[in-house]
Amino acid sequence: MPIHKPQQRSAAAPGEPLGVQQAEAALVEHYPRLVRLAYVVLPPSLGRHRRVLAAHGAVQRALPGARTSPDRVRVPAQSRRSPEAPEGPASAPYAWMRLRVLRTALAYERRPGWWPGRLPAPAALRPTLPVVWGLRLFPRAGGVDELALDRALSEVPGAVRAAFALQLLDGLPETAVRALLAEAGAADPAGAVRRAARIGRPDRAAAQVLLRSGEFDPCTVQTRPSDLLRRRHRVRAVALAAALCVVAGTLAVAAEKEVRDEAPGAGVMIPALDPAALLRTAAEQWADTSRIDFTAWPVRGDRRGDGELLGRALRAWSEPSGNVQVSTTPGTVGVPPAQPPRLLFAGEVDGAAVVLFHDGGVRVVRYAEPLAGGGGAALDFARTDDADVTTGAAVVVSRTGEKARFLLAPWISETTTRDLLAPNTPGRPLEVDPDGITAPVERPAAGGGCDAWPVLQLRSSERIVENHAFLVTDLGDLAPAHLTYTPKPGRGAPARQPREATGPDALLAWARTACSLRALAGSGVRAVNNWAFAEQRLPEGGASAEWLCTRADTWRGPGRVLVQFLQPAASPTAPAAVVADRDDTALCSRFGQHILAGTHWKAASGRWYVLAAGSRAVDRIEATGQVRGAAGGPTLAVRAPRDASVQLTAGLRGGGTLAAVR
């Protein structure tokens, strides 16, 4: 399609009344920009379909009426601009239209709590054109980064979204944004600008590109049908009312024909919801590809050809009914597929018909319906972008009571189970059926005593030149978490890298920290690494203690850190002491390689000490506050009362200081 440059129009002179024609010219010329602004500002709770229509409606209703008095519609003067200059985003007509659009979009969040969720309260926001019947509209689906930005915007008020959009879409400075928000009726313009400045950090340029992508473009939309069964019921009700009023057989026949025309299967099937359009990977493709993830999984299961089951699963995914229980891991969206997903499995497991889909490299979706008896279906979403040989090695296909079954990747050549709290006990072979489904595996106890921590020990096939063993554990999500270990720093040796947690040192460390994994259950964890960042000789001639940083990386990006102190113990499974807990941090990752931590410790003599340890780059630690002391090197021990308040800081070998994590 040829792209024509917008026709340039002359602007009104400073202070000249703005007529309807000038406002219409600004609206037509900058319509996509204004609609995108409205779409971003509108509350995500409307849903994407209603947001698209509301965004177009807000822009179209911003045009003043033809009978509006010119004296009542004026725009501010513009400085340093000739009358011959073309209109642009900085022109007075555009700025005036932008203000009206902004007021309308912000008003959606100020509707009273008792007002129906589908409609805003102000009279100016009554539903008008555009209206779409029988179709659902939504912008083109973006990637992982777009989804993350959309989630971040959904968690802030409309004024913050408006400030973010005005800065990144229109390039307005903070002062101009505050003034515009105040004029639009925002309650706290300065606070909105401050909060908007934190969105998209540290790469605001990338955030600007994402905001201009198709994910936030309500002018380029895709369509799918609305709820066909609900539409059929409504048409029947209308037909019945008409028959009672008119008593005309011809009207009843016409209504019945309309019902048949709108029944599922009568019209064109949307490709993303068509079982015949599902992507299916060939059985041996995993051994001949450089991309070893869920895209390489072949379709398995004895009901993979059951079109009715697959159709029910896709319809439940598209618009789940009230009897479908939906769950999503943090950071995962439950929106319908934009393109046909990949079918991984369809079969019967533990009394349920189970279907597993993989959607565009981002999500794994599990649908399960009982084969007999009552109860509704279940629909579970889990984020799995950038999965690899280990994090894409298994998916929970069934959970019954205290056990779970896993569907294994085709590259898994050996499967055993072991208990992390029995580090010296070898793994036990686990039976796997021809479809790759394991026998039931004990799940880690969610509460009560922590007497065992079952894990899967898997080995990858030599056909993909891997042939190494690794551990995964069930933390309550569809994809189990991968467990790794980083050994203690060697003297003069380069920094160690995470490795598989199958060696003796790794198993001993996990035996003392496994129970801390309970705190990570259901949080969308991708992998957990135990980093032995320091070893310390204890005071009064004691033995050595270890400092571990247990880092959990989530699929959505942010991580959680537990710093654990492992003092000598009679039992190899004595739990470590958690001395620090930090959410949403880069600590103990490749982007946060320096750490300092401390704790109070009681010697056998009964005397108390403050102990501190840092990672390999720490060359000095200092304690201040109620107790003072200093030590060269990565560890410190100083006498201190049990409840003494102490501040710890460290100097780094390459320069700079480091505060202790709490």
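Positions are given from 1, in the same order as the sequence printed here.
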> Taking C-beta and beyond as the side chain, do D386 and D293 meet within less than 4.5 Å on heavy atoms?
no
> What about W317 and F357, are their ring centers closer than 6.0 Å?
yes
> Find out whether L310 and L278 are in side-chain contact, i.e. whether some heavy atom of one side chain is under 4.5 Å from a heavy atom of the other.
yes
> Would you kindly say whether T390 and H482 are connected by a side-chain donor-acceptor distance under 3.5 Å?
yes
> Is it the case that the side chain of S615 and the backbone of I595 share a donor-acceptor pair, with hydrogens and angles ignored and the cut-off at 3.5 Å?
yes
> Do other residues, nucleotides or ligands put more than 12 heavy atoms under 6.0 Å from the CZ atom of R280?
yes
> When you measure from the side chain of R556 to the backbone of G331, do you find a donor-acceptor pair of N or O atoms at a distance under 3.5 Å?
no
> I'd like to check V59 versus L27 (side-chain heavy atoms, cut-off strictly below 4.5 Å). Are they in contact?
yes
> Taking atom types as modelled, find out whether D477 and T329 have a side-chain donor-acceptor pair closer than 3.5 angstrom.
no
> When rounded to the nearest 0.5 angstrom, what is the spacing between CG in L180 and CG in L172?
7.0 Å
> Taking G524's backbone N and O only, do any of them form a donor-acceptor pair with T554's side chain (distance below 3.5 Å, no angle check)?
no
> Can a side-chain donor-acceptor contact be found between H56 and Y39 if the only test is distance below 3.5 angstrom?
no
> Evaluate side-chain contact (heavy atoms from CB on, under 4.5 Å) for T550 paired with V528, printing each intermediate quantity in order.
CA-CA 7 Å; T550 303; V528 189; 3.6 Å; yes
> Report yes if some heavy atom in the side chain of W297 is under 4.5 Å from a heavy atom in the side chain of V395; otherwise report no.
yes
> Does a side-chain heavy-atom distance below 4.5 Å link V365 with L356?
no
> Verify the distance criterion only: is there a donor paired with an acceptor across the side chains of T384 and R363 at less than 3.5 Å?
no
> Is R526 positioned over the aromatic face of W555, cation under 6.0 angstrom from the ring centre and no more than 45 degrees off axis?
yes
> A side-chain contact here means heavy atoms from C-beta on lying under 4.5 Å apart; do D388 and I292 qualify?
no
> Using a 3.5 Å distance criterion without hydrogens, assess whether the side chain of S523 forms a donor-acceptor pair with backbone atoms of L520.
yes
> Got a salt bridge between E319 and R315, using NZ or NE/NH1/NH2 to carboxylate O under 4.0 Å?
no
> Does one side chain, of E29 or Y94, offer a donor that lies under 3.5 Å from an acceptor on the other?
no
> Distance-only, no hydrogens or angles: does the R51 side chain make a donor-acceptor pair with backbone N or O of V41 under 3.5 Å?
no
> So which of V156, L211, L169 actually passes side-chain contact (heavy atoms from CB on, under 4.5 Å) with F164?
L211
> Do the non-hydrogen side-chain atoms of V333 and R151 ever get within less than 4.5 Å of each other?
no
> Has R366 got a side-chain atom pairing as donor or acceptor with A378's backbone, closer than 3.5 angstrom?
no
> Looking at R590, is its backbone amide N or carbonyl O close enough to the side chain of Q593 to form a donor-acceptor pair, meaning the two atoms are under 3.5 Å apart?
yes
> Would you compute the distance between atom CZ of R48 and atom CD of E215 and round it to the nearest 0.5 angstrom?
6.0 Å
> Applying side-chain contact (heavy atoms from CB on, under 4.5 Å), run through L181 and L102 and close with a yes or a no.
CA-CA 8 Å; L181 290 178; L102 196 59; 4.2 Å; yes
> Evaluate the side-chain proximity of R36 to F216: yes if any heavy-atom separation is below 4.5 Å, no if none is.
yes
> Indicate yes or no for a side-chain donor-acceptor contact from R195 to the backbone of R161 under 3.5 Å, with no hydrogens or angles considered.
no
> Answer yes when D581 and R560 have at least one side-chain N-carboxylate O distance shorter than 4.0 Å, and no when they do not.
yes
> Test V355 against R312 for side-chain contact (heavy atoms from CB on, under 4.5 Å), laying out the working first.
CA-CA 10 Å; V355 182; R312 289 195 299 273; over 6 Å; no
> Between T281 (side chain only) and T295 (backbone N and O only), is there a donor and an acceptor less than 3.5 Å apart?
yes
> Drop me the distance from L587's CG to C549's SG, to the nearest 0.5 angstrom.
6.5 Å
> So, R204 side chain and R198 main chain: donor-acceptor pair closer than 3.5 Å or not?
no
> Could R33 and D170 be called an ion pair, given the rule that one side-chain N must be under 4.0 Å from one carboxylate O?
yes
